[in-house]
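We use all heavy atoms of the structure for the numbers below, so side chains are in, but hydrogens, waters and symmetry mates are not.
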Amino acid sequence: MGWLSVAYGLISVFSLVVHSVSGIGANWGTQATHPLPPETVVNLLRDNGIDKVKLFDADYGNLRALGKTRIEVMVGIPNEMLASLASSVKSAEKWVAKNVSEHMTTNNVNIRYVAVGNEPFLETYNGSFLRTTFPALQNIQSALIKAGLGNQVKVTVPLNADVYASSTGLPSGGDFRTDIHDYMIPIVKFLRDNNAPFTVNIYPFISLYIDSNFPVEYAFFDGNASPINDGGTYYYNMFDANYDTLVWALEKNGFGNLPIIVGEIGWPTDGDQNANLDYAQRFNQGFMTHISGGKGTPMRAGPVDAYLFSLIDEDAKSIQPGSFERHWGVFYFDGSPKYQFNLGTTNSGALIPARNVKYLEQKWCVMKPSAGLDDPQVAPSVQYACEKADCTSLGYQTSCGGLDARGNISYAFNSYYQINNQLDTACQFPNVSKIVKTDPSVGTCKFRIGIQQYYGSADGKKGGLQSPLILVGHLILFLLTVL
């Protein structure tokens with residue numbers, strides 16, 4: 001997922017999506033220290049009536065678990081693979097045979113799309129994938145045709161909304177970014193010629209994150225924002241405006257009927273003052289209500305084909321864009337729902353939690369009461385714990401922002417302890433930590449209990465627990481840093 005600097009008037013931020021497909025999809029990311037077993041995630045999807053899933057790679061175990069479920073799958077190709085696929089049709093044919101054909105024929109996986117790259121034209125990539133994306137797209141399409149899947153499986157390229165902009169600050173001024181215009185047109189034409197959709201990722205939250213002057217209400221769907229008047233067409237939320245900026249860009253270049261998929265849309269729940277449960281519930285529920293009638297946007301009538309970002313939190317994602325990166329899920333890391341969210345797919349009107357999740361013992365690692373805040377071991381211990389674990393819930397106006405100094409230290413220690421499967425050696429910060437059996441959670445700040453570690457093998461056919469040797473290596477390194 002990527003970022004786009006946009007101001008209120010310049011609606012060139014993130015774009016929405018339309019396609020004549022019903023139901024809601026979800027992005028299934030796997031950058032987690034303790035990912036749930038694939039079968040558990042697939043049951044979670046099915047229990048919640050989520051009938052489409054978007055993957056960021058072609059993990060064997062995840063794809064196999066989706067077999068015989070009828071869930072529509074968009075399988076992903078990471079950007080790092082684009083160069084090899086662009087330079088060799090044979091490589092593309094091997095990739096399709098292994099990651100598409102085999103799963104469809106042997107495991108009965110309902111693969112509908114291949115996502116070639118992930119936001120490869122993002123401005124922050126500085127053109128790294130400009131020359132390999134289209135050739136890779138062509139070779140994957142050729143491989144699908146050769147495999148007899150050209151009609152059944154469609155190619156697409158998930159793009160960030162920064163690939164288009166508005167010269168007027170209004171949707172009607174939309175066009176593809178000048179510096180990549182000559183790269184975009186062949187791709188869009190290729191998608192049109194092969195009856196494939198344009199996929200775009202839209203994130204109103206990011207606009208709010210990067211621009212303190214962005215009008216908060218315009219990010220939501222309540223109709224409370226001052227509307228933008230585009231030649232008599234009024235826009236009351238950023239999603240419609242940004243989506244229609246893309247529609248105008250397509251029409252302006254002769255592709256007005258190209259189907260659109262919203263590949264990612266969502267709101268994080270922690271790691272920033274605007275990333276919280278209330279805003280996330282308000283945005284996601286508002287979005288679902290907004291698209292449920294199937295009327296579309298002012299410029300593009302019809303159902304919206306969209307994938308929520310994301311299904312489950314990923315505590316191993318890079319936080320370079322911001323601490324919120326690890327908190328996009330509508331479910332916590334253990335598959336428990338974060339808030340009341342009605343997808344319109346369950347009898348209860350609420351999210352259904354993951355089943356048969358195996359938790360570790362009810363115990364936590366905290367700062368030893370007898371240890372002083374001025375103990376010279378405290379600072380390096382906390383630094384080490386946060387580098388190796390996840391402290392993104394600590395900070396200004398985050399879920400744990402109200403903790404005192406000792407609480408912050410305990411949170412860091414416990415995060416490291418749980419991520420390392422509650423091994424005794426993971427709570428041996430020199431004379432400053434101890435294991436307790438009383439939950440130290442306070443208010444909105446939840447001290448997590450770990451879940452059993454699942455590791456798929458290279459072929460996805462086995463899983464197991466983390467080797468204690470990994471942790472021992474970490475501890476040796478840590479001790480060297482503080483002694």
Colleague: Are the side chain of Gln281 and the backbone of Phe341 linked by a donor-acceptor contact shorter than 3.5 Å?
Modeller: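 Flag not set: sc Gln281 to bb Phe341 has no pair under 3.5 Å.
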Colleague: Any chance you could lay out the side-chain contact (heavy atoms from CB on, under 4.5 Å) test for Val75 and Tyr113, step after step, and finish with the verdict?
Modeller: CA-CA 6 Å; Val75 63; Tyr113 301 103; over 6 Å; no
Colleague: Mark yes or no for whether Asn48, through its side chain, and Ile352, through its backbone, hold a donor-acceptor pair below 3.5 Å.
Modeller: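 Confirmed, Asn48 side chain pairs with Ile352 backbone.
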Colleague: To the nearest 0.5 angstrom, please state how far the CD1 atom of Ile312 sits from the CG atom of Asn27.
Modeller: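 Reported value, rounded in 0.5 Å steps: 12.0 Å.
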Colleague: Tell me yes or no: between the side chains of Tyr359 and Asp334, is some donor less than 3.5 Å from an acceptor?
Modeller: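 On atom types as modelled, these side chains qualify, holding a pair under 3.5 Å.
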Colleague: Salt-bridged, Asp244 to Arg300, with N to O below 4.0 Å?
Modeller: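 The answer is no: the pair does not qualify as a salt bridge.
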Colleague: Which heavy-atom pair separates Pro197 from Ile261 by the least distance, and what is that distance?
Modeller: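 Nearest heavy atoms, Pro197 then Ile261: CG-CD1, 3.6 Å.
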Colleague: Between CZ of Arg448 and OH of Tyr332, what distance do you get to the nearest 0.5 Å?
Modeller: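 Arg448 atom CZ to Tyr332 atom OH measures 12.0 Å (nearest 0.5 Å).
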Colleague: Hey, are the side chains of Ile451 and Leu360 touching, using non-hydrogen atoms and a 4.5 Å cut-off?
Modeller: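 No, their side chains stay 4.5 Å or more apart.
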Colleague: Do Leu170 and Asn229 come within less than 4.5 Å of each other through their side chains, counting heavy atoms only?
Modeller: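 A side-chain contact under 4.5 Å is absent here.
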Colleague: Show your reasoning for whether side-chain contact (heavy atoms from CB on, under 4.5 Å) applies to Leu159 and Glu119.
Modeller: CA-CA 4 Å; Leu159 293 162; Glu119 298 186 335; 5.8 Å; no
Colleague: Checking Lys317 against Glu325 for the salt bridge (Lys or Arg N to Asp or Glu O under 4.0 Å) test, could you report, in this order, the C-alpha distance in whole Å, the side-chain angles of both residues, the deciding distance, and whether it holds?
Modeller: CA-CA 7 Å; Lys317 285 193 73 176; Glu325 274 297 321; 2.8 Å; yes
Colleague: Ignoring hydrogens and angles, tell me if any N or O in the side chain of Asn253 forms a donor-acceptor pair with the backbone of Ala249 under 3.5 Å.
Modeller: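 Yes, Asn253 side chain to Ala249 backbone: donor-acceptor pair under 3.5 Å.
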Colleague: Do Lys52's NZ or CZ and the ring of Tyr307 fall within the cation-pi criteria of under 6.0 Å and 45°?
Modeller: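 Flagged: Lys52 positioned over aromatic ring of Tyr307.
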Colleague: When you check the side-chain N and O atoms of Asn276 and Asp270, is any donor under 3.5 Å from an acceptor?
Modeller: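 No - no donor-acceptor pair under 3.5 Å links their side chains.
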Colleague: Check whether any side-chain heavy atom of Asn139 lies under 4.5 Å from a side-chain heavy atom of Leu85, and answer yes or no.
Modeller: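 When only atoms from C-beta onward are counted, Leu85 and Asn139 do not touch, as no gap falls below 4.5 Å.
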Colleague: Is there side-chain contact between Phe221 and Thr289, with heavy atoms separated by less than 4.5 Å?
Modeller: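 No - every pair of side-chain heavy atoms lies 4.5 Å or more apart.
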Colleague: Which pair of non-hydrogen atoms, one from Glu314 and one from Gly29, has the smallest distance, and what is that distance?
Modeller: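 Closest heavy-atom pair between Glu314 and Gly29: OE1-C, 3.1 Å.
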Colleague: Could you tell me whether Asn257 atom CG has more than 12 heavy atoms of other residues or ligands within 6.0 Å of it?
Modeller: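 12 or below, so no.
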Colleague: Can you check ring-ring contact (aromatic ring centres under 6.0 Å, His included) on Phe190 and Phe134, steps first, answer last?
Modeller: CA-CA 9 Å; Phe190 187 80; Phe134 186 35; 5.6 Å; yes
Colleague: More than 12 foreign heavy atoms under 6.0 Å from CG of Asn347: is that the case here?
Modeller: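 For Asn347, atom CG is not crowded (no more than 12 foreign heavy atoms under 6.0 Å).
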Colleague: On a heavy-atom basis, which atom in Gly61 and which in Pro38 lie closest, and how many Å separate them?
Modeller: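 Here Gly61 and Pro38 meet closest at O-CB, 3.7 Å.
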Colleague: Do the non-hydrogen side-chain atoms of Leu45 and Ile71 ever get within less than 4.5 Å of each other?
Modeller: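 SC-SC contact between Leu45 and Ile71 confirmed.
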Colleague: How close do Asp182 and Pro186 get, counting heavy atoms only, and between which atoms?
Modeller: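 Scanning both residues completely, I find the closest heavy atoms to be O-CD, 3.1 Å.
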Colleague: Identify whether the distance between the nearest side-chain nitrogen and carboxylate oxygen of Arg70 and Asp51 falls below 4.0 Å.
Modeller: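 A salt bridge is absent here (no side-chain N lies under 4.0 Å from a carboxylate O).
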Colleague: With sequence neighbours excluded, tell me which residues meet salt bridge (Lys or Arg N to Asp or Glu O under 4.0 Å) with Asp313.
Modeller: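 In terms of salt bridge (Lys or Arg N to Asp or Glu O under 4.0 Å), with neighbours along the sequence ignored, Asp313 is linked to Lys338.
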Colleague: Sub-3.5 Å donor-acceptor pair from the side chain of Thr106 to the main-chain atoms of His103, do we have one?
Modeller: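 No, Thr106 side chain to His103 backbone: no donor-acceptor pair under 3.5 Å.
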Colleague: Using 0.5 Å steps for rounding, measure from the OG1 atom of Thr69 to the CZ atom of Arg46.
Modeller: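 Between atom OG1 of Thr69 and atom CZ of Arg46 there are 5.5 Å.
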Colleague: Using the salt bridge (Lys or Arg N to Asp or Glu O under 4.0 Å) criterion, which residues pair with Lys68? Sequence neighbours excluded.
Modeller: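 So Lys68 forms no salt bridge (Lys or Arg N to Asp or Glu O under 4.0 Å) with any residue.
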Colleague: Where do Asp230 and Ser172 land on the side-chain hydrogen bond (donor to acceptor under 3.5 Å, both in side chains) test, with the steps shown first?
Modeller: CA-CA 7 Å; Asp230 188 1; Ser172 59; 2.7 Å; yes
Colleague: Under 6.0 Å between ring centres: does that hold for Tyr279 and Phe205?
Modeller: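 Centroid separation for Tyr279 and Phe205: 6.0 Å or greater.
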Colleague: I need the minimum non-hydrogen distance between Ser166 and Thr245, along with the two atoms involved.
Modeller: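 Minimum heavy-atom contact is CB-CG2, 4.3 Å.
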Colleague: Checking Asp162 side chain against Glu123 main chain: does a donor-acceptor pair fall under 3.5 Å?
Modeller: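 Yes; at least one donor-acceptor contact below 3.5 Å.
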Colleague: Just by distance, with hydrogens left out, do Thr199 and Thr156 show a side-chain donor and acceptor under 3.5 Å apart?
Modeller: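 Indeed, the side chains of Thr199 and Thr156 share at least one donor-acceptor pair under 3.5 Å.
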Colleague: I'd like to check the side chain to side chain donor-acceptor pair (under 3.5 Å) partners of Asn342; sequence neighbours left out, ordered by chain and number.
Modeller: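 With neighbours one apart ignored, the set is empty.
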Colleague: Run the side-chain hydrogen bond (donor to acceptor under 3.5 Å, both in side chains) check on Tyr203 and Glu264 step by step: do they pass?
Modeller: CA-CA 8 Å; Tyr203 284 103; Glu264 298 178 17; 2.4 Å; yes
Colleague: Could you pull out the closest heavy-atom pair between Pro171 and Tyr235, with the gap in Å?
Modeller: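 Closest approach of Pro171 to Tyr235, heavy atoms only: CG-CE1, 3.6 Å.
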Colleague: Is it true that Arg112 and Glu72 make a salt bridge, defined as a side-chain N closer than 4.0 Å to a carboxylate O?
Modeller: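 Result for this pair is yes, salt bridge flagged.
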Colleague: Tell me whether Arg282 forms a cation-pi arrangement with Phe220, defined as NZ or CZ under 6.0 Å from the six-membered ring centre and within 45 degrees of its axis.
Modeller: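 Here Arg282 passes the 6.0 Å and 45° test against Phe220.
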Colleague: Parallel, tilted or perpendicular for Phe283 and Phe287, by the 30°/60° rule?
Modeller: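 Phe283 vs Phe287 ring planes: parallel.
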Colleague: Under the ring-ring contact (aromatic ring centres under 6.0 Å, His included) criterion, do Phe324 and Tyr209 qualify, and how do the steps go?
Modeller: CA-CA 10 Å; Phe324 56 83; Tyr209 178 74; 4.6 Å; yes
Colleague: Do Trp28 and Asp59 make a side-chain contact, defined as non-hydrogen atoms from C-beta onward lying under 4.5 Å apart?
Modeller: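 No; the side chains remain at least 4.5 Å from each other.
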Colleague: Counting N and O atoms only, with roles assigned by atom type, does the side chain of Ser142 sit under 3.5 Å from a partner on the main chain of Gln138, one being a donor and the other an acceptor?
Modeller: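 Judged by distance alone, yes, a pair lies under 3.5 Å.
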Colleague: Hey, mind stepping through Asn201 and Asn118 against side-chain contact (heavy atoms from CB on, under 4.5 Å) and telling me if it holds?
Modeller: CA-CA 10 Å; Asn201 300 338; Asn118 183 40; 4.2 Å; yes
Colleague: Do the non-hydrogen side-chain atoms of Val96 and Val153 ever get within less than 4.5 Å of each other?
Modeller: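 Sidechains of Val153 and Val96: no contact.
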Colleague: Do Phe333 and Leu36 come close enough that some side-chain heavy atom pair is under 4.5 Å?
Modeller: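 No, every pair of side-chain atoms sits at 4.5 Å or beyond.
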Colleague: Strictly by modelled atom types, are Gln141 and Asn194 linked by a side-chain donor-acceptor pair under 3.5 Å?
Modeller: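 Per modelled atom types, Gln141 and Asn194 side chains form a pair under 3.5 Å.
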Colleague: Under a 3.5 Å distance rule, please check whether Trp267 uses its side chain to pair with a backbone N or O of Asn274 as donor and acceptor.
Modeller: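 Flag set: sc Trp267 to bb Asn274 pair under 3.5 Å.
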Colleague: Is the Phe129 to Tyr125 ring centre distance short of 6.0 Å?
Modeller: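 Here the rings of Tyr125 and Phe129 have centres that are less than 6.0 Å from each other.
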Colleague: Could you state the interatomic distance from CD1 (Ile319) to OG1 (Thr392), rounded to the nearest 0.5 Å?
Modeller: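 These two atoms lie 6.5 Å from each other.
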Colleague: Is it true that Asn284 and Tyr339 share a donor-acceptor pair across their side chains at a distance under 3.5 Å?
Modeller: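 Result is yes, a qualifying pair exists.
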Colleague: So how far is it from Leu130 CG to Met184 CE, rounded to the nearest 0.5 Å?
Modeller: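 Between atom CG of Leu130 and atom CE of Met184 there are 10.5 Å.
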Colleague: Indicate whether any N or O donor in one side chain lies under 3.5 Å from an N or O acceptor in the other, for His34 and Asn421.
Modeller: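 A donor-acceptor contact under 3.5 Å links the two side chains.
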Colleague: Testing the 3.5 Å rule here: is there a donor-acceptor pair between the side chains of Asp315 and His327?
Modeller: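 Note: Asp315 and His327 side chains miss the donor-acceptor criterion.
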